[in-house]
Amino acid sequence: MLIGLLAVRPSLTAAQGGKVLAFIAFFILPIVATVLGAAIHLEQSTSTTFCLSCHVMEAHGKSLYIDDKSYLPASHFQNNRIPRDQVCYTCHTDYTLFGDINAKMRGLKHVYVYYFKDIPARLTLYEPFKNRECLHCHANARSFEESIPHNMMKEQLMSNQMSCLTCHNKIHNVQQVDKLKMWKGPAT
């Protein structure tokens, strides 16, 4: 409304305080609106709904419901080991629009490929999955610290000499997801 008023009555800028009013309307308000809009969007992009809103991610979303405890994402999702409303973000923080500038650039690359390129038939990570994503929650947890073989290979896991995925290798089986038994969700 303020910009409209100044557009209709430009003589207001000649009045006392008019230049300040114009500065606020044409400079400060657009910056504040842009920053707030970006902050809200970035917060929403941590949601599972946002991640699965691309059709290419539908099978990954279905894989959270595979009724088999050996499937890592499904087991974590179904047992509330990670927040259900931030499933993708929790485990893939390094691969989303969050983290360092490189992670943000990869996220923008996802958007670019989705709208302007051919989406690859098989999605792969840009770099190997780092143990820090697992150890963020599991390190120092009693079940991790006291269990064999975790306690015997802790140093190798902490230093990324050995991947958690060496043993825990059932991840998002998207090629087979429609052939597997699915969990129906919590009883109501």
Side-chain angles (χ1 to χ4, degrees), residues 41-139 141 143-144 147-150 153 156-188:
H41 177 72
L42 286 174
E43 181 59 33
Q44 288 176 342
S45 68
T46 66
S47 74
T48 304
T49 305
F50 177 87
C51 295
L52 301 179
S53 66
C54 295
H55 74 276
V56 72
M57 298 304 293
E58 285 176 13
H60 289 80
K62 283 183 184 177
S63 74
L64 297 172
Y65 290 90
I66 294 173
D67 193 12
D68 183 341
K69 293 178 185 177
S70 65
Y71 282 86
L72 205 59
S75 176
H76 281 68
F77 174 79
Q78 294 168 22
N79 292 296
N80 284 326
R81 293 182 185 134
I82 50 179
R84 287 189 181 157
D85 60 340
Q86 293 187 333
V87 172
C88 308
Y89 173 74
T90 302
C91 294
H92 295 278
T93 301
D94 190 44
Y95 297 103
T96 64
L97 286 173
F98 296 89
D100 62 18
I101 191 70
N102 292 328
K104 289 175 180 25
M105 297 310 290
R106 286 191 300 268
L108 291 173
K109 181 180 177 183
H110 291 321
V111 173
Y112 175 78
V113 168
Y114 183 78
Y115 285 106
F116 301 111
K117 296 264 187 166
D118 291 329
I119 298 170
R122 181 161 193 230
L123 301 178
T124 58
L125 301 174
Y126 292 118
E127 56 189 54
F129 193 80
K130 293 183 175 63
N131 289 345
R132 72 169 177 229
E133 308 306 334
C134 302
L135 296 172
H136 175 75
C137 295
H138 291 282
S143 60
F144 175 80
S147 70
I148 297 173
H150 294 131
M153 57 180 78
Q156 295 158 303
L157 293 170
M158 297 296 256
S159 64
N160 256 354
Q161 292 173 347
M162 179 180 195
S163 173
C164 297
L165 302 181
T166 301
C167 300
H168 303 282
N169 55 10
K170 287 189 176 180
I171 313 299
H172 295 285
N173 188 357
V174 295
Q175 290 78 21
Q176 300 291 319
V177 75
D178 290 326
K179 298 175 186 168
L180 299 168
K181 181 181 173 195
M182 293 290 153
W183 178 59
K184 302 295 183 204
T188 55

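Side chains included, hydrogens not; waters and symmetry mates left out as well; all remaining heavy atoms used. Treat the numbers as computed from the prediction; the structure is a model and nothing was measured.
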Item checked: Heavy-atom closest contact (Ala141 atom, Cys137 atom, distance) -> CB-O, 4.2 Å
Margin query: So which atom in Trp183 and which in Arg84 form the shortest heavy-atom distance, rounded to 0.1 Å?
Written below: CH2-NH2, 3.6 Å
Item checked: Distance in Å, Lys109 NZ paired with Tyr112 OH, rounded so as to fall on 0.5 Å steps -> 10.5 Å
Notebook entry, point to check: Would you say the side-chain atoms of Thr46 pair up with the backbone N or O of Gln86, donor to acceptor, closer than 3.5 Å?
Noted result: no
Note to self: For the SG atom of Cys167 and the CE atom of Met153, what is their distance to the nearest 0.5 Å?
What the structure shows: 5.0 Å
Check: Are any non-hydrogen side-chain atoms of His136 and Thr90 less than 4.5 angstrom apart?
Finding: no
Checklist line | Worked verdict on Cys88 versus Phe50 for side chain to side chain contact (heavy atoms under 4.5 Å, CB included) | finding: CA-CA 9 Å; Cys88 308; Phe50 177 87; over 6 Å; no
Next item on the list: Report the C-alpha separation of Met57 and Cys51 in whole Å, then their side-chain angles, then the decisive distance to 0.1 Å, and conclude whether the side chain to side chain contact (heavy atoms under 4.5 Å, CB included) test is met.
Entry: CA-CA 7 Å; Met57 298 304 293; Cys51 295; 5.8 Å; no
Notebook entry, point to check: Does Asp85 reach the side chain of Ser47, with side-chain heavy atoms less than 4.5 Å apart?
Noted result: no
Next item on the list: On the 0 to 90° scale, with breaks at 30° and 60°, tag the His150-His168 ring pair as parallel, tilted or perpendicular.
Entry: parallel
Check: Once you round to the nearest 0.5 Å, how far does CD1 of Ile82 lie from CZ of Phe77?
Finding: 8.0 Å
Next item on the list: Report the C-alpha distance between Val177 and His60 in whole Å, list the side-chain angles of each, state the deciding distance to 0.1 Å, and finish with yes or no for side chain to side chain contact (heavy atoms under 4.5 Å, CB included).
Entry: CA-CA 8 Å; Val177 75; His60 289 80; over 6 Å; no
Item checked: Test item: Gln78 side-chain N/O and Ile66 main-chain N/O as donor-acceptor pair under 3.5 Å -> yes
Next item on the list: Not counting sequence neighbours, which residues clear salt bridge (charged side-chain N to carboxylate O under 4.0 Å, His left out) with Lys181? List them please.
Entry: Asp67
Notebook entry, point to check: What are the two closest heavy atoms between Pro73 and Lys170, and how far apart are they?
Noted result: CD-O, 3.8 Å
Checklist line | Interatomic spacing from CG in Leu125 to NE2 in His92 - rounded to 0.5 Å | finding: 6.5 Å
Notebook entry, point to check: Where do Ile171 and Leu72 come nearest, in terms of heavy atoms and distance?
Noted result: CD1-CD2, 4.0 Å
Notebook entry, point to check: With a 4.5 Å limit on heavy-atom distance, are the side chains of Val174 and Glu58 in contact?
Noted result: no
Next item on the list: Would you please name every residue forming a salt bridge (charged side-chain N to carboxylate O under 4.0 Å, His left out) with Arg132, sequence neighbours left out?
Entry: Asp94
Item checked: Steps toward side chain to side chain contact (heavy atoms under 4.5 Å, CB included) verdict (Leu180, Tyr71) -> CA-CA 11 Å; Leu180 299 168; Tyr71 282 86; 3.8 Å; yes
Next item on the list: Please answer whether the main-chain N or O of Arg81 pairs with a side-chain N or O of Asn79 as donor and acceptor at a distance below 3.5 Å.
Entry: no
Next item on the list: Identify the two heavy atoms, one from Lys69 and one from Ser75, that lie closest to each other, and give their separation to 0.1 Å.
Entry: O-CB, 3.5 Å
Note to self: I'd like to check the side-chain contact (heavy atoms from CB on, under 4.5 Å) partners of Ser163; sequence neighbours left out, ordered by chain and number.
What the structure shows: Asn131, Leu165, Thr166
Notebook entry, point to check: Tell me, do Asn173 and Ser63 make a side-chain contact under 4.5 Å, heavy atoms counted?
Noted result: no
Item checked: Atom pair SG (Cys134) and CG (Leu157), whose distance is rounded to the nearest 0.5 Å -> 9.0 Å
Item checked: Heavy-atom pair with the smallest gap, counting every atom of Ala139 and Phe144 -> CA-CD2, 4.1 Å
